[in-house]
Each structure stands twice: as C-alpha cells, then as structure tokens.
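For clarity, every value in this text was computed on a predicted model and none was experimentally measured. Convention: sequence-line order gives letters A, B, ...; per-chain numbering from 1.
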There are 2 protein chains.
Amino acid sequence: MTETAKRRPGPRIEEVARVAGVSKSTVSRVINDEQYVSAKAREAVHAAIAQLGYSPNQAARSLAGNRANAIALVVSEPTGRVLSDPFFAGVLRGIHSELAGRHMQLLLMMSQPADTGDLVTYLSSGHVDGALLVSLHGDDPLVPMLAEIGLPVVSGGRPLGTTVPFVDADNFTGALEAARHLASLGRKRIATVAGPKDMAVGADRLSGFKRGLSEARLSADLVEHGDFTPESGAKAMELLLCKAPDLDAVFVAADIMALGALQVLHAQGKRVPEDVAVVGFDDSVFAATATPPLTTIRQDVEELGRTMTWRLLAELAGEHGLPPSLLLPTSLVVRSSA
Amino acid sequence: MTETAKRRPGPRIEEVARVAGVSKSTVSRVINDEQYVSAKAREAVHAAIAQLGYSPNQAARSLAGNRANAIALVVSEPTGRVLSDPFFAGVLRGIHSELAGRHMQLLLMMSQPADTGDLVTYLSSGHVDGALLVSLHGDDPLVPMLAEIGLPVVSGGRPLGTTVPFVDADNFTGALEAARHLASLGRKRIATVAGPKDMAVGADRLSGFKRGLSEARLSADLVEHGDFTPESGAKAMELLLCKAPDLDAVFVAADIMALGALQVLHAQGKRVPEDVAVVGFDDSVFAATATPPLTTIRQDVEELGRTMTWRLLAELAGEHGLPPSLLLPTSLVVRSSA
DNA sequence: ATGAAAGCGCTAACAA
DNA sequence: TTGTTAGCGCTTTCAT
C-alpha cells in the first residue's frame with residue numbers, strides 16, 4: 001500500500017442539528033425513530049437532513065450503539081455451487097426486500113471448511129448482529145460454534161442434527177405430491193434422483209417420495225443421489241437407467257438436476273413423458289424452458305428469504321414467542337414432462 | 001422495537017497490548033502491517049492475538065481511520081435477474097477469493113431505478129471505500145452520479161456511454177470466433193439471439209458476430225434480442241424460425257438463453273446440430289448438460305471477479321498508472337451442438 | 001521503534 | 001420533550 005484511501009464524507013449530525021435548530025440528541029432520536037420527539041422537531045430534522053443530504057456514519061453508530069447494524073449471509077458451501085442456483089438468487093431477493101428501508105446492511109460471507117474458525121471469530125466479534133445461514137450441510141461445524149457464541153441465527157433450510165431456528169419449504173409434502181402425481185399417471189417403475197445425503201433438503205424430499213410410493217404400493221428402491229448440479233443429475237440418471245432400463249418415471253429432487261437428467265434421457269432415446277415421466281422440484285427459472293417443459297413442485301424461494309430475514313430481525317428486536325421453525329407450502333405445477 | 005440487540009464482543013486492543021507487553025499503538029501497527037515495529041514486538045502481538053482470539057472492531061477502525069474497510073457490490077438490475085445467472089455466481093466467487101485475507105468486507109446492494117438517489121447518498125457517505133458494479137445498463141444514472149461524488153468504481157462488463165474503469169471479457173472476439181466456427185461448418189443461414197440492446201455485452205457480441213459473418217460473405221440480418229433469461233431465448237428463437245424457417249445455425253449470446261432456444265428447436269422438430277447448429281456463450285454450468293451439450297464460447301468469470309477486485313483495491317491503495325480497462329480472453333469450446 | 005493523548009461521529013444515560 | 005456529558009475501540013499525530 002503506497003497510500004491509503006480516505007473519504008471525506010458529507011455533513012455530520014452536528015450540522016443537521018444546527019440547521020434544524022435542535023441538539024444532536026434530538027437528531028439522533030429522529031434518525032432512530034424513537035419516541036419523545038415533538039412533531040415540530042421531527043419535521044425540522046427531516047427537512048435539515050434532506051437539505052444537507054445527510055447520511056449517518058454507520059461506523060460511529062455501530063461503535064456508540066454497540067450494535068453492528070448489519071447481518072451476515074453465510075453461504076457454507078465449499079464450491080460456491082449454491083451461488084449459481086436460482087434458489088440462492090431468489091432467497092437473496094427476498095432477504096433484500098425484507099431489509100429494504102431498515103438501516104441494516106447485508107454482509108456476504110462464504111465459509112470454507114478450512115477457515116470456519118476465522119469466520120466464527122469474526123462473527124463473534126460484534127461485526128454483525130446476527131446471521132442468515134444458507135446451504136448448510138449435515139456435518140458443518142459452523143452451527144454448533146455459532147450456537148456456542150450465542151449469535152442469533154436463522155437457517156434457510158432445515159439443518160441436520162442441530163436445533164437452530166430455521167425456515168424451510170415443506171419438502172416432505174412437496175415430494176409426496178410429486179410421487180402421488182406420478183403414481184396417478186399409472187407409472188409403476190418410479191425412480192428418484194435425490195438430493196445430497198448430508199442435507200435435510202435431500203433427506204426430506206426423499207422421505208416424501210418414499211411415502212408417496214408406499215401409499216401407491218410401489219417399491220421405492222430406485223434411488224440415486226446428486227448434489228444439485230446438472231452434471232450430478234445426468235450421472236444419477238445414467239445410473240438409474242443402467243440399473244432399471246424399464247423405469248417409466250423419475251422424480252428429480254431439483255430442477256437444476258433435472259436438466260442433466262433430461263439430457264441423458266434424450267441421449268438414450270427415451271421420450272419424455274411418453275417413455276419416462278419426469279417431475280422436478282423448485283419451479284426454478286429453468287423449469288418452463290426445459291426440453292420438454294418440466295412438471296415440478298413449486299416453492300416460493302423469495303418468500304423463504306423474506307421469512308428468514310423477518311424471523312432474524314424479530315429476534316434481534318427482542319420479540320418473544322417466535323416460532324423456532326417455519327415451513328412454507330409447496331404446490332404441484334403440471335407442464336409437459338409428466 | 002421492544003428491545004435492541006446488543007453484543008458484548010471479545011477482547012479489546014488494550015488487552016492484547018497488555019498480554020503482549022506493548023502499547024495499543026504497537027498492536028495497531030501490527031494489525032495494519034505498518035513498518036517500524038520490531039520483529040520481537042510483532043511476534044508477541046501475534047501470539048497475544050492468537051491466544052485471546054482477538055478480532056479488531058471494524059466500526060472503531062473505520063471511525064478512527066476514516067476508512068470503511070468495505071467495498072460494495074452493486075447489482076443494478078431491477079429484476080434481480082442477474083443473480084440467477086451463473087455469471088454472477090462466478091464473479092462473486094472471484095471477488096471473494098481476491099478479498100480473502102484482506103480486512104475488507106463485501107456489502108451487497110441491489111439498485112432499483114427508483115432508489116438510485118438513496119443508494120448514491122449512502123455510497124457517498126463514507127460507508128464504503130469503493131464499489132464494484134455489475135450488470136450495468138446503458139441508461140443507468142448510477143454511473144454518472146457515482147462519478148460525480150468521486151467514489152472509486154470498477155465495472156464488471158463495459159458500461160455503455162460512460163468512462164468508468166472496467167474489466168470485461170473480450171466479447172467481440174468471442175462472438176467473432178463463434179460466427180467463424182459456424183461458417184467453417186458450411187452453414188449459410190446463420191441467425192443470432194443477441195443480448196440486450198442497452199448493454200455493452202449485447203452490443204459487443206453482436207458486433208463480433210456480424211464481423212464474422214461479413215468475413216464469410218454471409219448476411220447478418222437474422223437478429224433477435226433477448227435479456228439473458230431462458231424465456232427470452234425461447235421467444236427470440238421462435239421469432240427467428242418464423243422469419244426464416246430455413247435457418248441452419250444460430251449463435252445465442254448466452255448459454256442461459258440457449259437453453260430456451262434449444263427447447264424451441266426441439267419442439268419444432270429441428271435436430272441439433274443436423275438441422276440447426278447452435279453456439280452459446282459463457283461456458284456456464286448449463287452448457288455441458290444442455291440437450292444436446294452446447295458448443296460455446298468460454299469466458300473465465302471468476303477471473304473477471306478477481307480482476308475487478310484487484311483493480312479496485314489497487315486504486316484504493318493509491319497505485320498509479322493502472323489500466324483504465326482490461327479485456328479477458330475467451331475461447332471456443334466445441335461440444336455436440338455445433 | 002515505541003508510547004501517550006487526542007479525537008473519529010455517534011448513542012446513551014442523566015439531568016433539566 | 002429536550003439538551004448535556006461521557007464514552008464506544010480504534011488510529012493517528014507527536015513526543016520520546
């Protein structure tokens with residue numbers, strides 16, 4: 001570093017106070033929406049703020065208030081895979097819309113297993129008021145460590161084997177519906193490309209699927225796991241076709257994996273849905289433009305992001321009696337593939 | 001708010017100083033990698049930091065240092081569309097890897113046209129030291145406003161009609177190669193699904209494409225624009241087929257749009273590549289598992305993210321003679337679709 | 001090469 | 001309802 005960047009920001013709170021004809025405290029009260037401020041004073045302060053183009057210094061607020069005014073979005077995925085997923089994009093939009101208008105910044109952090117310790121140190125040092133967790137895997141040491149330091153946390157997606165508050169889609173019921181739909185079509189040899197074994201989303205969708213098949217008195221032995229990438233969906237589909245060339249339906253536990261599965265089906269000359277019916281999960285942006293358009297289970301990921309954020313902020317605000325976990329509904333969307 | 005969240009973080013700099021047997025100043029110097037610290041003192045401080053699990057309070061650092069120690073990633077896209085794009089995911093990974101180990105946080109901000117003013121006020125108030133811009137559209141008022149307040153900025157992707165520093169893939173050359181490849185296959189009626197008209201990436205890829213066709217003495221009149229969504233790719237493909245049922249090749253200016261285009265081609269009974277050859281752009285995660293696997297132009301988006309970040313940090317560090325803009329190479333990846 | 005002291009701009013008691 | 005007074009934890013002169 002040859003020289004360090006410095007910025008000389010605009011007006012301070014003191015100038016706002018002067019222009020408004022009140023004290024710094026009053027300005028602070030207005031900024032923080034506190035009570036005990038006369039309408040007149042409030043108005044004057046707002047006018048002064050607008051006139052001067054004032055924006056409070058977050059660093060000073062955090063320091064004095066012993067509050068970071070920021071939350072972290074922790075993406076715990078070694079490969080950053082989830083970032084490419086429309087799921088993540090939707091969640092991000094939801095988080096953002098819930099944060100809009102509040103004086104809260106969103107810090108993006110990616111957690112590699114190697115530096116989980118650093119991350120925890122950072123998060124425990126008051127830089128953020130809470131954290132949103134996404135794409136948690138079963139064995140992630142992050143959750144217990146965060147629990148230990150007492151940082152308020154909400155997970156997007158049920159975490160395996162831990163008890164932090166979470167918001168999730170009703171994956172079980174969604175997968176159940178998928179299986180029922182395929183069974184109702186008269187399919188008898190129904191396979192599934194399941195999600196990762198070490199994630200609840202994988203386990204839950206698989207459970208729902210199995211339940212649906214057992215309802216229909218069908219065997220649920222055709223199971224291959226993928227990791228929410230198109231490649232893994234393709235590989236799993238190849239394996240399934242190899243083991244059961246006669247399969248007539250497949251539930252792929254994520255649209256993004258269904259893309260790969262569809263490719264393999266085409267490559268092997270299977271017609272969709274005539275020979276093999278396919279149901280996905282998510283109703284992501286790829287479902288409608290898949291070849292053929294994908295029948296899938298819809299979940300509202302933006303709502304998921306909003307709900308996670310609401311839950312975390314409510315906890316930060318000291319609200320009591322908050323539900324430890326929330327399940328969002330899913331629904332079947334029928335297109336051409338099944 | 002019934003109650004406000006507060007956190008009582010770990011050790012302060014003072015305790016580190018005590019344990020290390022030096023003054024706060026010395027600890028500060030070590031933290032900031034300054035000169036004039038004896039090896040002995042440095043060592044003692046590092047030991048103390050490790051022993052106490054100390055992490056400096058960013059708010060205090062920013063306040064005292066008149067520096068935010070943070071940069072913003074501004075996604076200027078009304079719909080948040082770009083978030084779902086593997087392009088964005090890659091850029092994010094690149095940014096993150098370049099930031100790793102530096103004491104810099106990444107703030108994620110989404111800019112809606114409606115609140116550009118608020119955003120600019122925020123950015124100009126010293127909350128961040130600089131900004132990375134992504135997915136800039138031609139008419140975005142953000143860029144001139146940012147230029148005016150003098151915030152260091154680097155754009156990912158060439159901005160239209162403004163002169164901020166940027167890093168971009170060599171879109172022109174990439175598209176040129178795509179066109180040449182299709183021409184070299186003997187295709188005569190070559191169409192293109194171009195990117196948005198109001199983005200340089202759209203214009204540049206279209207220019208390269210046209211140049212390639214003119215080299216081959218072919219007409220480049222079959223042009224439809226999309227907006228980097230699969231749906232738009234499908235719609236553009238339909239239009240092209242309607243206008244020119246005899247087309248035998250198409251260059252789709254983004255893999256993510258090619259997904260939609262491929263669906264339409266299949267639906268209309270066109271075999272790929274026998275009847276219509278398809279070349280995409282990006283070599284995103286979808287290219288290899290498209291139906292059929294997509295021949296495409298590869299760009300290294302992670303490198304793009306790293307380079308943008310490097311460029312911004314170098315400027316913040318006061319380095320001189322930095323290139324105003326940088327172009328990253330692209331390359332043709334041949335798969336089955338062309 | 002190191003330490004002492006003075007703030008950075010704000011919020012949070014407390015007093016009025 | 002409002003103003004006054006201390007800090008929040010760090011960086012940064014300025015001495016030494």
Side-chain angles (χ1 to χ4, degrees), chain A residues 1 3-18 20-45 48-49 52 54-70 103 122 124-127 129, chain B residues 1 3-18 20-45 48-49 52 54-70 103 105 122 125-127 129:
Chain A
M1 285 234 202
E3 185 185 308
T4 289
K6 300 198 182 186
R7 317 217 70 253
R8 196 137 289 287
R12 311 301 139 97
I13 198 173
E14 186 143 22
E15 309 183 35
V16 176
R18 230 194 37 246
V22 298
S23 73
K24 295 196 304 177
S25 309
T26 299
V27 176
S28 173
R29 289 186 184 105
V30 172
I31 292 170
N32 295 290
D33 255 327
E34 283 171 29
Q35 47 183 346
Y36 303 132
V37 184
S38 65
K40 195 181 142 216
R42 193 178 296 275
E43 227 170 281
V45 169
I49 288 177
L52 296 170
Y54 169 75
S55 169
N57 180 314
Q58 293 299 341
R61 295 186 72 197
S62 302
L63 186 55
N66 193 26
R67 202 185 317 117
N69 302 307
H103 297 284
Y122 183 86
S124 67
S125 298
H127 304 317
D129 300 318
Chain B
M1 286 232 203
E3 185 186 306
T4 290
K6 301 197 180 183
R7 315 218 69 255
R8 197 137 289 290
R12 313 302 141 113
I13 199 174
E14 186 144 21
E15 309 183 36
V16 176
R18 229 194 37 246
V22 298
S23 71
K24 295 197 302 177
S25 311
T26 298
V27 176
S28 173
R29 288 185 185 108
V30 171
I31 292 170
N32 295 291
D33 256 326
E34 284 171 27
Q35 47 184 346
Y36 302 132
V37 184
S38 65
K40 198 181 140 213
R42 193 177 297 273
E43 225 170 284
V45 170
I49 288 177
L52 297 170
Y54 169 76
S55 168
N57 179 314
Q58 293 299 338
R61 297 213 325 148
S62 302
L63 186 55
N66 194 25
R67 204 184 316 116
N69 302 307
H103 297 284
Q105 286 314 304
Y122 183 87
S125 299
H127 304 316
D129 300 318

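Between the CG atom of B/N66 and the P atom of D/dT13 there is a distance of 11 Å, rounded to whole Å. Summarising the geometry, the separation between OH on A/Y36 and P on C/dA12 is reported as 16 Å, rounded to the nearest angstrom. Taking atom NZ of A/K24 as the reference point, atom P of D/dT4 lies 10 Å away to the nearest angstrom. Protein atom CG of A/N57 is 16 Å distant from nucleotide atom P of D/dC10, rounded to whole Å. The interatomic distance linking B/I49 (CD1) with D/dC10 (C1') rounds to 13 Å, in whole Å. Atom P of nucleotide C/dC8 and atom CD of A/Q58 are separated by 19 Å, given to the nearest angstrom. For the pair B/R29 CZ and C/dA1 P, the interatomic distance rounds to 10 Å; values are reported in whole Å. One can place CD of B/E14 at 10 Å from P of D/dC8, the figure rounded to the nearest angstrom.
Contact check, B/N32 against D/dT11: a side-chain N or O comes under 4.0 Å of OP1 or OP2. Side-chain N/O atoms of B/Y54 include one lying less than 4.0 angstrom from OP1 or OP2 on D/dC10. Within the 4.0 Å cut-off from OP1 or OP2 of D/dT12, not a single side-chain nitrogen or oxygen of B/R61 is found.
Among residues two or more places apart in sequence or in another chain, the side-chain contact (heavy atoms from CB on, under 4.5 Å) test is passed with B/E34 by B/R29, B/N32. By the side-chain contact (heavy atoms from CB on, under 4.5 Å) test, B/A41 is found to be paired with B/V22, B/T26, B/V37, B/S38, residues two or more places apart in sequence or in another chain being considered.
If you check distances only, the side chain of A/S25 does reach the base of D/dT4 with a donor-acceptor pair under 3.5 Å. Applying the 3.5 Å distance criterion, the base of C/dA12 shares no donor-acceptor pair with the side chain of A/S28. A donor and an acceptor atom never sit less than 3.5 Å apart when one is taken from the side chain of B/S38 and the other from the base of C/dT2.
Contact detail for A/E14 and A/K24: the closest heavy-atom pair is CA-CG, 4.2 Å.
Inter-residue side-chain proximity for A/E43 and A/V30 is flagged as unmet; no heavy-atom pair is nearer than 4.5 Å. Between A/I31 and A/V16 the shortest side-chain heavy-atom distance does not fall below 4.5 Å.
Counting non-hydrogen atoms under 4.0 angstrom, A/T26 reaches the backbone sugars and phosphates but no base. Within the nucleic acid shown, A/A41 comes within 4.0 Å of sugar-phosphate atoms alone, with no base atom in reach, counting heavy atoms only.
Nearest-nucleotide mapping onto DNA chain C: of A/S62 and B/S23, the residue sitting toward the 5' end is B/S23. Residues B/K40 and B/A64 each lie close to DNA chain C; by heavy-atom proximity, the contact nearer the 5' end of the strand is made by B/K40.
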